[in-house]
Colleague: 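Sharing a structure, written as structure tokens. Questions coming.
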Amino acid sequence: MWNPIRAVLRSQSPRGIKIIALSLMLVLVCAAPIMLYSLFNPETGGALWMGWLFALGAVVAHIGFFVGIVLVIWDMYFAKK
């Protein structure tokens, strides 16, 4: 079975790109429950815990994206080769 996390971690990409990819996966995983809930149950409001899960996942993923961008910039311009 194909594991996307293992595929990202084993790739030849720079470490910053790996962190960005994992952050994007985190956003998708955290947003999936509330999107599916609103898709299949549109007449009622969403469950509160799903909203908090998405909000927390989005915050953590944005921090991961920022760290990944900083690492990419660091590796491109400041790291000794």
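Note that this is a predicted model, so its numbers are computed, not measured.
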Colleague: Give me the other members of the hydrophobic cluster that Leu28 sits in, counting Ile, Leu, Val, Met, Phe, Trp and Tyr linked by side-chain heavy atoms under 4.5 Å, directly or via other members.
Modeller: none

Colleague: Same cluster for Ile17 and Leu24 if Ile/Leu/Val/Met/Phe/Trp/Tyr side chains link at under 4.5 Å?
Modeller: yes

Colleague: Side-chain heavy atoms under 4.5 angstrom apart, residues restricted to Ile, Leu, Val, Met, Phe, Trp, Tyr: same cluster for Ile69 and Trp74?
Modeller: yes

Colleague: Please list all pairs passing the salt bridge (Lys or Arg N to Asp or Glu O under 4.0 Å) test where one or both residues lie in residues 15-37, with sequence neighbours left out.
Modeller: Arg15-Asp75

Colleague: Could you work out the complete set of other residues in the hydrophobic cluster of Leu36, with links drawn between I, L, V, M, F, W and Y side chains under 4.5 Å apart?
Modeller: Leu39, Phe40

Colleague: Can you list the residues that meet the side-chain contact (heavy atoms from CB on, under 4.5 Å) rule with Leu9, with sequence neighbours excluded?
Modeller: Ile5, Leu22

Colleague: Are Leu71 and Tyr77 connected into the same hydrophobic cluster when the rule is that any two of I, L, V, M, F, W, Y join if their side-chain heavy atoms are below 4.5 Å apart?
Modeller: no

Colleague: Closest approach of Cys30 and Pro33, non-hydrogen atoms and distance?
Modeller: O-CD, 3.5 Å

Colleague: Run through the side-chain heavy atoms of Ile, Leu, Val, Met, Phe, Trp and Tyr, join any pair under 4.5 Å, and report what else lands in Phe66's cluster.
Modeller: Val70

Colleague: Roughly how far, to the nearest 0.5 Å, is the OG atom of Ser13 from the CD1 atom of Ile19?
Modeller: 12.0 Å

Colleague: I'd like a table of donor-acceptor pairs (distance under 3.5 Å, sequence neighbours excluded) in which one partner is a side-chain atom from residues 48-62, with atom names and distances.
Modeller:
| residue | atom | partner | partner atom | Å |
| --- | --- | --- | --- | --- |
| His62 | ND1 | Ala58 | O | 2.7 |

